[in-house]
Colleague: 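Just dropping this structure here.
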Amino acid sequence: MDFSVLICVYGKDKPEWFDQTLYSLSQQTKKANEIILIIDGILNKKLEKIIDAYKKILPIKVSRNSKNMGLAFSLNKGLYLCSNELVARLDSDDIALPYRFEKQMNFMIKNPATTVLGGGINIINYKGVIIGKREYPTSCESIKKGMWRNTIAHGTVMYRKTKILEEGAYNIKCKRGQDYDLWFRLLIKGEILENLDEVIGYWRYEPNDFFKSSFKQKMQQVIIGFKGTRSLGLPLWKQFICFVPLLPYLLPKFLSGFYMNLKNYFHK
C-alpha cells in the first residue's frame with residue numbers, strides 16, 4: 001500500500017535543518033512513493049539547492065505559492081495534491097526515525113477504523129542534542145481525556161486523507177494551533193485518534209521558541225483548547241487549565257524565564 005508525505009517549507013526555514021529532514025526520508029525502511037512539498041513563498045538559494053539535490057533521490061513533487069500563504073493554507077493545498085489515501089506529515093525542521101513509516105503503515109492497515117496515528121518524540125535543541133522526551137497516551141479515550149494539552153504531535157502523524165478533507169481539513173483562520181483545532185473537530189465527530197507507544201521522531205525546540213507566537217496568536221490557541229475541551233465534556237479544571245500558557249506573557253520577565261525552565265524540566 002502506497003502513502004504520501006506532506007511537507008511545507010518557507011523562506012525562514014534553516015537550510016541545515018531542512019536538509020536533515022529530507023535526509024531522514026531517504027533513510028526510511030518503508031519509503032513513500034510521493035513527497036508533496038509545498039513551497040510557501042520565495043525561498044533562498046540554499047533551500048532551493050537542497051530541494052534540487054533531493055529531487056534526484058526522492059519522489060518529490062513541488063508546488064509553489066506565489067507568496068507566503070501560511071501553514072494551514074499550504075497543508076490544505078498539499079492534501080488535495082496527495083494521490084494516496086494515507087498521508088504522513090513531517091515539519092521542515094523535524095526528523096523521522098528510520099522505522100517510523102513502516103510501523104505506522106502496518107498499524108493503519110491492521111486498524112482501518114483509525115483516522116489519525118501519531119507517536120512519541122525526542123526533543124532536541126538547536127544543536128541536535130536530546131534535551132527531553134514526550135510520550136503521549138495511546139488509546140483514543142486517553143487521548144481525548146488529555147487533549148486539554150494536545151496529545152497528538154502534529155509532525156508525527158499519519159492520517160487518512162478522505163476523513164481529514166471531510167472534516168474541512170485545516171482552518172486557515174488559525175495562525176497557530178491548526179492541528180489542535182483539527183484534532184478536536186475529529187474527536188467531536190467520533191473519529192479514532194491514536195498514538196504508537198514509542199518514539200518515532202525528533203522535534204526541535206528551545207524554551208524561547210514559546211515566544212515566537214504573539215500574545216494574540218497564543219490566545220487563539222488557548223481559546224481552541226478551552227472550547228474544544230468544553231465540547232468534549234472534559235472536567236471544568238481541564239477547561240480552565242488551557243489558559244496556563246498565557247502566564248509567561250503576563251509575568252515579569254524573570255518569573256517568565258523561571259516558568260519556562262520549569263515547564264521544560266517536567267517535559268524531560
Side-chain angles (χ1 to χ4, degrees), residues 71-72 75 89 111 113-121 123 132-157 159 163-164 166-197 203 205 207-268:
L71 183 59
L75 289 174
R89 274 283 294 117
N111 299 273
T114 300
T115 296
V116 179
L117 178 66
I121 49 175
I123 305 170
K133 180 180 181 180
R134 289 191 183 176
E135 297 173 311
Y136 296 99
T138 56
S139 71
C140 188
E141 190 59 32
S142 58
I143 285 170
K144 187 186 297 185
K145 289 179 179 178
M147 192 49 76
W148 53 274
R149 62 181 181 88
N150 197 350
T151 41
I152 298 280
H154 191 202
T156 70
V157 299
Y159 46 43
K163 294 287 188 178
I164 302 302
E166 283 177 355
E167 191 46 45
Y170 297 93
N171 185 347
I172 61 173
K173 293 181 180 179
C174 295
K175 299 302 180 183
R176 297 280 180 179
Q178 302 93 342
D179 56 319
Y180 200 22
D181 173 76
L182 177 58
W183 308 152
F184 276 121
R185 286 186 280 124
L186 290 169
L187 287 168
I188 292 166
K189 188 179 178 181
E191 300 294 344
I192 296 176
L193 282 64
E194 298 182 279
N195 282 309
L196 291 174
D197 188 20
W203 178 55
Y205 178 79
N208 287 335
D209 286 350
F210 183 91
F211 293 101
K212 284 184 177 180
S213 300
S214 66
F215 180 82
K216 183 178 179 181
Q217 290 172 338
K218 185 61 67 174
M219 176 61 82
Q220 184 182 52
Q221 189 170 334
V222 162
I223 295 298
I224 290 170
F226 175 71
K227 289 183 176 179
T229 54
R230 186 174 59 182
S231 297
L232 291 175
L234 297 183
L236 197 61
W237 71 268
K238 288 186 178 181
Q239 295 177 34
F240 283 100
I241 204 171
C242 292
F243 288 92
V244 169
L246 294 178
L247 281 177
Y249 293 89
L250 304 174
L251 293 171
K253 190 172 182 179
F254 75 97
L255 286 177
S256 177
F258 174 77
Y259 170 86
M260 294 308 300
N261 288 331
L262 189 65
K263 180 175 179 287
N264 189 52
Y265 173 79
F266 281 108
H267 275 299
K268 289 184 178 181

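Worth knowing before you read on, the calculation uses all heavy atoms, side chains too, and leaves out hydrogens, waters and symmetry mates. One is the number of the first residue; the rest follow in order along the sequence. Being a predicted model, the structure only gives us computed values, none of them experimental.
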Colleague: Quick one: CZ on Phe226 to CH2 on Trp148, what's the gap to the nearest 0.5 Å?
Modeller: 15.0 Å
Colleague: List the residues meeting side chain to side chain donor-acceptor pair (under 3.5 Å) with Glu191, not counting sequence neighbours, and say none if there are none.
Modeller: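 For Glu191 the side chain to side chain donor-acceptor pair (under 3.5 Å) partners, ignoring immediate neighbours, are Thr115.
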Colleague: Could you go step by step and tell me if Val157 and Ile152 meet the side chain to side chain contact (heavy atoms under 4.5 Å, CB included) rule?
Modeller: CA-CA 8 Å; Val157 299; Ile152 298 280; 3.4 Å; yes
Colleague: Donor-acceptor pair, Lys218 side chain versus Pro245 backbone, under 3.5 Å?
Modeller: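 Here the side-chain-to-backbone pair does not exist.
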Colleague: Can a donor-acceptor pair be found, under 3.5 Å and without considering hydrogens, that links the side chain of Asn195 to the backbone of Thr151?
Modeller: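 Present.
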Colleague: What distance do Gln239 atom CD and Arg230 atom CZ have between them, rounded to the nearest 0.5 Å?
Modeller: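 Interatomic distance, Gln239 CD to Arg230 CZ, rounded to 0.5 Å: 7.0 Å.
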Colleague: Could you tell me the separation between the CD atom of Gln217 and the CZ atom of Arg176, rounded to the nearest 0.5 Å?
Modeller: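 Taking CD in Gln217 and CZ in Arg176, the distance rounds to 5.5 Å.
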Colleague: Let me confirm one number: the NZ-CZ distance from Lys238 to Arg149, rounded to the nearest 0.5 Å.
Modeller: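 So the NZ of Lys238 and the CZ of Arg149 are separated by 9.5 Å.
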Colleague: Taking the side chain as C-beta and beyond, is there a heavy-atom pair between Thr114 and Cys140 under 4.5 Å?
Modeller: no
Colleague: Using the six-membered ring wherever Trp is involved, compare the ring planes of His154 and Trp183 and label them parallel, tilted or perpendicular (cut-offs 30° and 60°).
Modeller: perpendicular
Colleague: Between Ser231 and Ile188, which heavy-atom pair has the shortest distance, and what is it?
Modeller: CB-CD1, 3.5 Å
Colleague: Got more than 12 heavy atoms from elsewhere within 6.0 Å of CG, Asp197?
Modeller: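 Atom CG in Asp197 is not crowded, with 12 or fewer foreign heavy atoms closer than 6.0 Å.
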Colleague: Would you please name every residue forming a salt bridge (Lys or Arg N to Asp or Glu O under 4.0 Å) with Asp181, sequence neighbours left out?
Modeller: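 Salt bridge (Lys or Arg N to Asp or Glu O under 4.0 Å) list for Asp181, sorted by chain: Arg185.
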Colleague: Compare all side-chain heavy atoms of Phe184 with those of Leu232 and state whether any distance is below 4.5 angstrom.
Modeller: yes
Colleague: How many angstroms lie between CD1 in Ile192 and NZ in Lys144, if you round to the nearest 0.5 Å?
Modeller: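 It is 9.5 Å, given to the nearest 0.5 Å.
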Colleague: To the nearest 0.5 angstrom, please state how far the CD atom of Glu194 sits from the CD1 atom of Ile143.
Modeller: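 If I round to the nearest 0.5 Å, the distance is 6.5 Å.
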Colleague: What are the two closest heavy atoms between Cys174 and Ile224, and how far apart are they?
Modeller: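 Smallest interatomic distance, heavy atoms only, reads SG-CD1, 3.8 Å.
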Colleague: Would the distance check show the side chain of Thr229 and the main-chain N or O of Leu234 forming a donor-acceptor pair, the cut-off being under 3.5 Å?
Modeller: no
Colleague: Report yes or no: does Tyr180 contribute a side-chain atom to a donor-acceptor pair with the main-chain N or O of Met147 at less than 3.5 Å?
Modeller: yes
Colleague: Between Arg89 and Asp179, is there a side-chain heavy-atom distance shorter than 4.5 Å?
Modeller: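 Of all side-chain heavy-atom pairs linking Arg89 with Asp179, none is under 4.5 Å.
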Colleague: With a sphere of 6.0 Å drawn around NZ of Lys189, does it hold more than 12 non-hydrogen atoms of other residues, nucleotides or ligands?
Modeller: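 For Lys189, atom NZ is crowded (more than 12 foreign heavy atoms under 6.0 Å).
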Colleague: Do the non-hydrogen side-chain atoms of Tyr136 and Ile121 ever get within less than 4.5 Å of each other?
Modeller: yes
Colleague: Would you mind reporting whether Gln178 and Leu71 have side-chain heavy atoms less than 4.5 Å apart?
Modeller: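 Heavy-atom side-chain distance check passes, below 4.5 Å.
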Colleague: Shortest non-hydrogen contact from Ser142 to Pro137?
Modeller: OG-CB, 3.2 Å
Colleague: Considering residues, nucleotides and ligands other than Glu166, do more than 12 of their heavy atoms fall under 6.0 Å from its CD?
Modeller: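 Buried by this count: over 12 neighbours within 6.0 Å.
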Colleague: Kindly indicate whether the side chain of Met219, heavy atoms from C-beta on, has any atom under 4.5 Å from the side chain of Lys216.
Modeller: no
